A.B. asks: 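First, the structure itself, so that you have it in front of you.
No experiment lies behind these values; they were computed from the predicted model shown. First the proteins, then the strands, lettered A, B, ... as listed; each starts at 1. Just so it is clear, the values below take in all heavy atoms, side chains as well, and ignore hydrogens, waters and symmetry mates.
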2 protein chains.
Amino acid sequence: MVGRLGRRLIAMELPILARHEVSMWAYVVLNGLSGGAVRTQAALAASIGADKTRLIPILDDLQDRGLISREPDPGDRRVRLLGLTESGRELHRAVQAEIRDAEELLMAELPAADRDAFVRTLSALGG
Amino acid sequence: MVGRLGRRLIAMELPILARHEVSMWAYVVLNGLSGGAVRTQAALAASIGADKTRLIPILDDLQDRGLISREPDPGDRRVRLLGLTESGRELHRAVQAEIRDAEELLMAELPAADRDAFVRTLSALGG
DNA sequence: TATTGTTATACTCTATAACTATA
DNA sequence: TATAGTTATAGAGTATAACAATA
């Protein structure tokens, strides 16, 4: 059942992401940077559960589109400082809002108590 | 959160499946046949959300191990009648029981009301 | 000609290993 | 020598297309 719900959520999200021309991983990256700048690509990869090599083409694309900043750290020029640009932050907000609206719609018919318990339990079980 | 829970459940199930030497897809097939015989491989594939070509090596293996029956339908020799053998049914029961025990353990600390609401909501949202 | 199952092929995603640059 | 990032390669998983058997 968890798997079916997951597939349903993905099917719901993909058109939203496609409309904004971001892949699922690109959105996860924007999400990972939305809490604040990250000092290394490896740290970002670990925090979102991705491989560091998988990240590179995604970061290349986001940078080309001006959605993220990615500069060498002056203090250690091996590492890249990562952050959202203003338009990156705006895009993330827009996509996140649409996804939240879709989730609201999906759960609209549920009793409020069930819904609260569901989110609480998800949070407890997901770690 | 749904994704994280899904990954956690899979991580929990994989050792159980490995101990019984069945892959995730093989277990899904056993599950799909546990409700009764299925008349065509394509129908089974559709019911479990798999591609019909993906099914073939899985069915080959399950048949070699005597866990499923797979005979041409005498009435239309293009189609294969699929069902569990006695040992297939027994294996399915054993694996399912272990997975359920693990799920119980995972949810043991939850308040009973939250737990009921969670399962009810999953069922409602998953279709 | 249409359908079931099968095989062969190609494509996507992911991980591993080798390489460059900085330290 | 060790580490961050990158590139190249290989592997798994999946889907697409061609094929064989039967209707």
A.B. asks: Among residues 34-43 of chain A, which ones have heavy-atom contacts with DNA chain D below 4.0 Å?
C.D. replies: A:T40, A:Q41, A:A42

A.B. asks: Using the test salt bridge (Lys or Arg N to Asp or Glu O under 4.0 Å), find all partners of A:R39 that sit at least two apart in sequence or belong to another chain.
C.D. replies: A:D73

A.B. asks: Side-chain donor-acceptor pair under 3.5 Å between B:R80 and B:Q41, yes or no?
C.D. replies: no

A.B. asks: Indicate every side-chain donor-acceptor pair of residues 23-37 of chain B with a distance under 3.5 Å to a residue at least two apart or in another chain.
C.D. replies:
| unit_1 | atom_1 | unit_2 | atom_2 | d |
| --- | --- | --- | --- | --- |
| B:S23 | OG | B:A26 | N | 3.0 |
| B:N31 | OD1 | B:H92 | NE2 | 2.7 |
| B:S34 | OG | B:N31 | O | 2.7 |

A.B. asks: List for me each residue that meets salt bridge (Lys or Arg N to Asp or Glu O under 4.0 Å) alongside B:E98, sequence neighbours excluded, and say none if there are none.
C.D. replies: B:R19

A.B. asks: Where does the chain B footprint on DNA chain C start and end, counting 5' to 3' with a 4.0 Å heavy-atom cut-off?
C.D. replies: C:dA2 to C:dT7

A.B. asks: Does anything in residues 40-61 of chain A form a ring-ring contact (aromatic ring centres under 6.0 Å, His included)? List the pairs, not counting sequence neighbours.
C.D. replies: none

A.B. asks: In chain order, what residues pass the salt bridge (Lys or Arg N to Asp or Glu O under 4.0 Å) check against A:R78, with sequence neighbours excluded?
C.D. replies: A:D76

A.B. asks: Please, which pairs that meet side-chain hydrogen bond (donor to acceptor under 3.5 Å, both in side chains) have at least one residue in residues 110-122 of chain B, sequence neighbours excluded?
C.D. replies: A:D114-B:R120, A:R120-B:D114, B:E104-B:R115

A.B. asks: Just the rounded figure in Å: distance from P of D:dA4 to CG of A:L44.
C.D. replies: 14 Å

A.B. asks: At under 4.0 Å between heavy atoms, how does the protein contact nucleotides 12-23 of chain D? Give one character per nucleotide, 5' to 3', with B, S or -.
C.D. replies: --SSBB----BS

A.B. asks: List the residues meeting side-chain hydrogen bond (donor to acceptor under 3.5 Å, both in side chains) with B:S87, not counting sequence neighbours, and say none if there are none.
C.D. replies: B:T85

A.B. asks: May I have all residue pairs that pass ring-ring contact (aromatic ring centres under 6.0 Å, His included) and include part of residues 40-66 of chain B, sequence neighbours excluded?
C.D. replies: none

A.B. asks: Please, which pairs that meet ring-ring contact (aromatic ring centres under 6.0 Å, His included) have at least one residue in residues 96-119 of chain A, sequence neighbours excluded?
C.D. replies: A:F118-B:F118

A.B. asks: In whole angstroms, how far is the C1' atom of D:dT7 from the CD1 atom of A:I58?
C.D. replies: 16 Å

